[in-house]
Q: 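Below you'll find the structure I mean.
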Amino acid sequence: MTDTSDTRSADSEVQAPRRSRLLRLMRYLPLIAPVLLWAVPCGVLLYTGQHWPLPVTLVGTALFVLGLVVMPLAMGRGHGRRQQDRAAIVGDTLLGASWVLFTWSVLLGVLLRLALTVAGVGEGQDRARIVTWAVLGTTAVLLAWGYAEARRVPRVRRLDVQLPRLGAGLDGLRVALITDTHYGPLDRARWSERVCETVNTLEADLVCHTGDIADGTAERRRAQAVPLGTVQATQARVYVTGNHEYYSEAQGWVDLMDELGWEPLRNRHLLVERGGDTLVVAGVDDVTAESSGLAGHRANLAGALDGADPDLPVLLLAHQPKFVDRAAADGIDLQLSGHTHGGQIWPFHHLVRIDQPALAGLSRHGTRTLLYTSRGTGFWGPPFRVFAPSEITLLVLRSPQPPTSP
């Protein structure tokens, strides 16, 4: 567990201008990123001393140019107004493949070439061709492995979380967390069924979904989401919106989850009682909700806690980890979030950390508040997970008080 309470305030003034500059730079990424993703590998693999036969160079260059043209066009048709699933699959796959190829072209293009030079292996052309084959081989292996990781049913991650204010009657309360299922262009109805079957084996008291159910409207992705109605919990099934709901008619998802028997915690709370003790389970809309223009949708922590006894421990569902600043200011005991995907495809996590205070796992914020950030149950866009495995999480809440004798 990471403790951020000591360093957060001291570093905030230094980090704020730096983060602001990085965020401004990221606005231009949609324009320059596709060119970099395809031009850099093209240069490293074909034009840095390999001296390939002319047909090889021409064909290779043509493939890179084709990727540079097709990827943004396919993503535009797939995720724009037309919402063509086949185009989205092509564009997303090319995006993931180009990111992995770009990453290892840079790393191996520098480090491996340097190592070969220091070791005196081969001449310039030999070293350049070794780098090319190493990059292509590494990329192929990582994409195959990453695809299998993205499509598999996530492993269950179990951990105990002690909450100082939790009553003894609630000791051992089992909380299952799924998030970022991202039902989308690739039909994953069977995967959804298997995820729900896995959740049911956990025998959870409370099951939580912290948003980003799907990419697309509830009507369009209904078949993939319906298995969520089979999830079982002894106390409650609760859900909050993520940012992707606000790209896809969020109210439709709220209504569907309600229809499937989940409690949409839209700036409200419910009480979980056991053994004479009570836990407040609250939820807020995603922080992007207010800018969506949907009436009544916004993140309102005060509204979520309205009427709750301030002496009771609070479990808060908020899609994005960065909401923890508000949670810590209000003395929330535990916040559950997703959104980050753990970076999904390494080393994208460095960009995620620009925007979020935590990437994955349990961290402390302020004097009381704990944050658990899930790496997510599904995947967004590119059907790959590289060094960022998905998860279904089981958190067992622990009380510092000894249980009372029967």
Side-chain angles (χ1 to χ4, degrees), residues 30 70-96 147 150-154 178-196 199 208-231 237 239-262 264 266 285-295 297 317 319-320 338-341 344-345 374-385 390 392:
V70 170
M71 185 183 77
L73 289 178
M75 293 191 70
R77 295 175 73 92
H79 298 289
R81 293 182 179 179
R82 300 190 181 188
Q83 295 285 302
Q84 295 179 349
D85 283 350
R86 290 184 180 178
I89 292 169
V90 171
D92 292 343
T93 302
L94 287 173
L95 175 62
Y147 181 79
R151 298 302 303 269
R152 74 186 310 278
V153 174
I178 58 176
T179 184
D180 299 274
T181 41
H182 283 285
Y183 303 128
L186 280 171
D187 187 355
R188 286 179 287 153
R190 177 55 187 149
W191 175 87
S192 181
E193 293 174 0
R194 294 171 63 199
V195 166
C196 295
V199 171
C208 308
H209 194 306
T210 53
D212 278 8
I213 298 177
D215 296 304
T217 64
E219 180 182 2
R220 192 168 189 179
R221 307 301 182 203
R222 183 185 182 92
Q224 297 182 59
V226 160
L228 292 172
T230 67
V231 169
R237 297 174 294 172
Y239 153 75
V240 293
T241 57
N243 58 304
H244 278 250
E245 276 83 332
Y246 292 98
Y247 308 147
S248 308
E249 300 176 8
Q251 189 59 48
W253 282 109
V254 172
D255 295 341
L256 178 58
M257 291 298 276
D258 186 41
E259 177 187 329
L260 295 175
W262 290 67
R266 295 201 49 248
D285 291 340
D286 184 63
V287 294
T288 61
E290 190 166 5
S291 62
S292 71
L294 287 176
H297 285 255
L317 275 61
H319 178 65
Q320 299 196 40
H339 186 67
T340 69
H341 299 204
Q344 187 165 318
I345 304 177
S374 169
R375 289 187 299 256
T377 309
F379 60 86
W380 171 84
F384 307 107
R385 274 187 172 269
S390 56
I392 296 168

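Not measured: the values here are computed from a predicted model.
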Q: Heavy atoms only: give me the nearest A225-W253 pair and the separation to one decimal.
A: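 Looking at all heavy atoms of both residues, the shortest contact is CB-CZ3, 3.7 Å.
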Q: Is the backbone of L256 close enough, under 3.5 Å, to the side chain of R222 for a donor and an acceptor to pair up by distance?
A: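 Not a single qualifying donor-acceptor pair exists.
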Q: Please test V199 against I178 for side chain to side chain contact (heavy atoms under 4.5 Å, CB included), starting from the C-alpha separation and ending with a verdict.
A: CA-CA 9 Å; V199 171; I178 58 176; 3.8 Å; yes
Q: Indicate the atoms forming the closest heavy-atom contact of C208 with W262, along with that distance.
A: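 Result for this residue pair: C-CZ3, 4.1 Å.
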Q: Please determine whether a side-chain nitrogen of the Lys or Arg among D258 and R266 lies less than 4.0 Å from a carboxylate oxygen of the Asp or Glu.
A: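 Salt bridge flag = no for R266 with D258.
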Q: Considering only heavy atoms from C-beta outward, does the side chain of P227 approach that of W191 to under 4.5 Å?
A: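 Contact flag for P227/W191 side chains = no.
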Q: What I'd like to find out is whether the side chain of R220 reaches to under 4.5 Å of the side chain of D85, using heavy atoms alone.
A: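 They are in side-chain contact.
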Q: For the backbone of I89 and the side chain of T93, can you confirm whether one donor and one acceptor N or O come within less than 3.5 Å of each other?
A: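 Indeed, once roles are kept as given, a pair shorter than 3.5 Å links the two residues.
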Q: Take atom CD in Q83; do more than 12 heavy atoms of anything else shown fall under 6.0 Å from it?
A: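 Counting other residues, nucleotides and ligands, CD of Q83 exceeds 12 neighbours.
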Q: Checking the side chain of Q344 only, and the main-chain atoms of W380 only, is there a donor and an acceptor separated by less than 3.5 Å?
A: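 A pair under 3.5 Å: yes.
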Q: Are the side chain of R221 and the backbone N or O of D215 linked by a donor-acceptor pair below 3.5 Å?
A: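 A pair under 3.5 Å: yes.
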Q: Does a side-chain N-to-carboxylate-O contact under 4.0 Å join R190 and E193?
A: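 Looking at R190 and E193, the cut-off is met.
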Q: Could you please spell out the steps behind the side chain to side chain contact (heavy atoms under 4.5 Å, CB included) verdict for Q224 and I213?
A: CA-CA 10 Å; Q224 297 182 59; I213 298 177; over 6 Å; no
Q: Verify, without hydrogens or angle tests, whether D212 (side chain) and H244 (backbone) share a donor-acceptor contact under 3.5 angstrom.
A: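 A pair under 3.5 Å: yes.
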Q: Does atom CZ (R194) have a neighbourhood of more than 12 heavy atoms from anything else shown, all under 6.0 Å?
A: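 It does not: R194 CZ has 12 such atoms or fewer within range.
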Q: Between A87 and R77, what is the shortest heavy-atom contact and its length?
A: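 Result for this residue pair: CB-CB, 3.9 Å.
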Q: Would a distance-only check, ignoring hydrogens and angles, find a side-chain to backbone donor-acceptor pair under 3.5 Å from D180 to G378?
A: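 Checking the backbone N and O of G378 against the side chain of D180, no donor-acceptor pair under 3.5 Å is found.
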Q: Does the H297 side chain pair with the main chain of E290, one donor and one acceptor, at a distance under 3.5 Å?
A: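 Checking the backbone N and O of E290 against the side chain of H297, no donor-acceptor pair under 3.5 Å is found.
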Q: Please check: side-chain N/O of T241 versus main-chain N/O of D286, any donor-acceptor pairing under 3.5 Å?
A: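 Here the side-chain-to-backbone pair exists.
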Q: Tell me, do T210 and S374 make a side-chain contact under 4.5 Å, heavy atoms counted?
A: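 SC-SC contact between T210 and S374 ruled out.
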Q: Do T377 side-chain atoms and T179 backbone N/O form a donor-acceptor pair below 3.5 Å?
A: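 Side chain of T377 to backbone of T179: a pair is present.
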Q: In Å and rounded to the nearest 0.5 Å, what is the CZ to OH distance from R152 to Y147?
A: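 Spacing of CZ (R152) from OH (Y147) equals 14.5 Å.
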Q: Write down the atom of T288, the atom of S291, and the distance for their closest heavy-atom approach.
A: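 Of all heavy-atom pairs spanning T288 and S291, the closest is O-OG, 2.9 Å.
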Q: Please report the closest heavy-atom contact between L95 and M71, naming both atoms and the distance.
A: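 Result for this residue pair: CA-SD, 3.5 Å.
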Q: Measure from the side-chain N and O atoms of R237 to the backbone N and O of M257, and report whether any donor-acceptor pair falls under 3.5 Å.
A: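 Not a single qualifying donor-acceptor pair exists.
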Q: Which residue in the set H339, H341, H209 passes ring-ring contact (aromatic ring centres under 6.0 Å, His included) when paired with H182?
A: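 Between H182 and the candidates, ring-ring contact (aromatic ring centres under 6.0 Å, His included) is satisfied uniquely by H341.
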Q: When rounded to the nearest 0.5 angstrom, what is the spacing between CG in L73 and CG in L94?
A: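 Reported to 0.5 Å precision, the distance equals 11.0 Å.
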Q: For residues L186 and R151, report the shortest heavy-atom separation together with the two atoms involved.
A: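 Scanning both residues, the minimum pair turns out to be CD1-NH1, 4.0 Å.
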Q: Is the closest side-chain heavy-atom distance between Y239 and L260 below 4.5 Å?
A: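 Not in contact.
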Q: Please walk me through it: do D92 and H79 pass side-chain hydrogen bond (donor to acceptor under 3.5 Å, both in side chains)?
A: CA-CA 10 Å; D92 292 343; H79 298 289; 2.9 Å; yes
